[in-house]
Amino acid sequence: MALKQALLNLFFPQKCPLCGALLDKGTLGLCPACAGAEFWFSGAQALFPGKQYARCACAGAYTGKLRDSVLRFKFSDHPEYAKTFGPILAQTIRTYLPGTYDCISWMPVSQETLQKRGYDQAQLLAQEAAKTLGRQAVPLLVKMKSNVPQSSLRERRQRLENVAGVYSVPHPKRVAGQRVLLIDDILTTGATLGEGARVLREAGAFQVVAATLCRTQAKGHESS
């Protein structure tokens, strides 16, 4: 295994997923410049209130190199970015959501999107974050049908209507009485996370908190 990794590092050196800078051998993560960039949140700016979920912790702002990298992660066949983004999100969870959850899950894509894309980016993000936290991410929600992409809708009302009734909890006993940490990649209006949290609470979850890799700071398009 060590030899295999050494050969991979030799022929395919690791690059920063934000800017493409070469990283030191055996390194996974960000280059120093991107790790210290201004788009990462700290303090109160990292927390956002919700109605169906208690609060959402976000690692950074959906802008610049982070925005471009997240779009590549979602749409350009870069599932390996989760190995960098997961630990970053885990640190945000450690800092802002300690002791607030019993289990970790994610907002799933539809089967149609999964077949087309080949992976669920929120699932990968949740799994890598959970691994860093010494936990395991578990599937609790199912997206029953494809809907119009939230990225195509500008108004919050449209986003709320678009996700209404789209998600279900196949096994309510798994969530009964549980405090759920729900993970997604991007937060815009909170419509998608709010619907997921609502469905989980109706299935018996005691409380839902959320965490996302980034959040739009203005009215945006490419989000949940």
Side-chain angles (χ1 to χ4, degrees), residues 39-63 66-67 70-71 73-74 85-86 88-90 92-93 95-98 100-101 103-110 113 120-126 129 137 139-169 175 178-203 205-224:
F39 46 66
W40 300 113
F41 290 145
S42 63
Q45 66 180 172
L47 282 172
F48 302 91
K51 293 184 178 179
Q52 299 295 341
Y53 52 88
R55 56 190 175 279
C56 181
C58 304
Y62 185 65
T63 187
L66 181 57
R67 174 186 178 278
V70 170
L71 289 176
F73 175 43
K74 292 183 69 168
F85 291 149
I88 291 172
L89 186 56
T92 296
I93 293 167
T95 303
Y96 301 104
L97 299 172
T100 61
Y101 58 92
C103 59
I104 300 174
S105 194
W106 64 89
M107 293 300 308
V109 299
S110 66
T113 298
D120 182 334
Q121 79 282 347
Q123 178 181 0
L124 296 180
L125 185 61
L140 297 178
L141 291 166
V142 170
K143 190 171 185 180
M144 299 179 292
K145 59 182 180 180
S146 294
N147 53 352
V148 175
Q150 291 286 76
S151 58
S152 67
L153 305 174
R154 294 176 178 270
E155 296 182 9
R156 177 173 172 78
R157 175 187 58 79
Q158 294 175 313
R159 287 173 174 257
L160 289 170
E161 292 175 353
N162 191 47
V163 295
V166 170
Y167 300 94
S168 69
V169 179
V175 305
Q178 295 291 297
R179 299 175 301 163
V180 180
L181 168 58
L182 195 54
I183 287 177
D184 207 354
D185 49 5
I186 312 167
L187 173 71
T188 296
T189 63
T192 302
L193 278 171
E195 179 65 8
R198 182 190 69 79
V199 172
L200 286 168
R201 291 174 61 199
E202 285 192 353
F206 177 72
Q207 177 180 274
V208 180
V209 294
T212 66
L213 182 62
C214 50
R215 181 189 188 274
T216 58
Q217 292 184 295
K219 290 184 178 180
H221 314 300
E222 294 138 311
S223 171
S224 327

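Hydrogens, waters and symmetry mates are skipped; everything else that's a heavy atom, side chains included, is used. Please read these numbers as outputs of a predicted model, since none were measured by experiment.
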Interatomic distance, [X] atom [atom1] to [Y] atom [atom2] [nearest 0.5 angstrom]:
{"X": "I104", "Y": "L181", "atom1": "CD1", "atom2": "CG", "result": "5.0 Å"}
{"X": "S105", "Y": "L141", "atom1": "OG", "atom2": "CG", "result": "5.5 Å"}
{"X": "L66", "Y": "R215", "atom1": "CG", "atom2": "CZ", "result": "14.0 Å"}
{"X": "T192", "Y": "M107", "atom1": "OG1", "atom2": "CE", "result": "6.0 Å"}
{"X": "L140", "Y": "S168", "atom1": "CG", "atom2": "OG", "result": "11.5 Å"}
{"X": "T212", "Y": "L89", "atom1": "OG1", "atom2": "CG", "result": "7.0 Å"}

### Message
A126: which residues meet the side-chain contact (heavy atoms from CB on, under 4.5 Å) condition with it, sequence neighbours left out?
### Response
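Partners of A126 under the side-chain contact (heavy atoms from CB on, under 4.5 Å) test: W106, A137, I183.
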
### Message
Applying side-chain contact (heavy atoms from CB on, under 4.5 Å), can you list everything that pairs with A210, at least two apart in sequence or on another chain?
### Response
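Listed in chain order: Y53, C56, L193.
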
### Message
Applying salt bridge (charged side-chain N to carboxylate O under 4.0 Å, His left out), can you list everything that pairs with R179, at least two apart in sequence or on another chain?
### Response
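With sequence neighbours excluded, R179 shows a salt bridge (charged side-chain N to carboxylate O under 4.0 Å, His left out) to D102, given in chain and number order.
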
#### Entry: Check: V209 main-chain N/O paired with R55 side-chain donor or acceptor under 3.5 Å
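Not at all, since once roles are kept as given, no pair shorter than 3.5 Å links the two residues.
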
### Message
I'd like to know if the side chain of D120 reaches the main chain of V109, judged simply by a donor and an acceptor atom lying under 3.5 Å from each other, with no hydrogens or angles considered.
### Response
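Checked: pair present.
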
Grab the two heavy atoms, one from [X] and one from [Y], that are nearest each other, plus how far apart they are.
{"X": "G196", "Y": "L182", "value": "C-CD2, 4.0 Å"}
{"X": "I93", "Y": "A211", "value": "CG1-CB, 3.8 Å"}
{"X": "Y167", "Y": "P108", "value": "CE2-O, 3.7 Å"}
{"X": "A90", "Y": "A129", "value": "CB-O, 3.6 Å"}

Residues which pass side chain to side chain donor-acceptor pair (under 3.5 Å) with [X], listed by chain and number, not counting sequence neighbours:
{"X": "R198", "answer": "E195, E202"}
{"X": "T95", "answer": "Q91"}
{"X": "Q178", "answer": "none"}
{"X": "T63", "answer": "none"}

#### Entry: V169/L200 under side chain to side chain contact (heavy atoms under 4.5 Å, CB included): CA gap, chis, key distance, verdict
CA-CA 7 Å; V169 179; L200 286 168; 4.0 Å; yes

### Task
Please report the C-alpha distance between Y62 and D185 in whole Å, then the side-chain angles of each, then the deciding distance to 0.1 Å, and finally whether the side chain to side chain contact (heavy atoms under 4.5 Å, CB included) criterion is met.
CA-CA 10 Å; Y62 185 65; D185 49 5; over 6 Å; no

### Message
So C214 and V70, do their side chains get closer than 4.5 Å, heavy atoms only?
### Response
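SC-SC contact between V70 and C214 confirmed.
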
### Query
Can you find a heavy atom in the side chain of V180 that is under 4.5 Å from one in the side chain of F206?
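The answer is no, as the side chains (C-beta and beyond) never meet within the 4.5 Å cut-off.
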
### Query
V166 and M144: side chain to side chain contact (heavy atoms under 4.5 Å, CB included), yes or no, with the steps?
CA-CA 6 Å; V166 170; M144 299 179 292; 5.9 Å; no

In a table with atom names and distances, give each donor-acceptor pair under 3.5 Å that connects a side chain of residues 39-49 to protein atoms at least two apart or in another chain.
residue, atom, partner, partner atom, Å
W40, NE1, C34, O, 2.8
Q45, OE1, S42, N, 2.9

### Query
Listed by chain and number, what are the ring pair (Phe, Tyr, Trp, His ring centres under 6.0 Å) partners of F73, not counting sequence neighbours?
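Only F85 meet the ring pair (Phe, Tyr, Trp, His ring centres under 6.0 Å) criterion with F73.
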
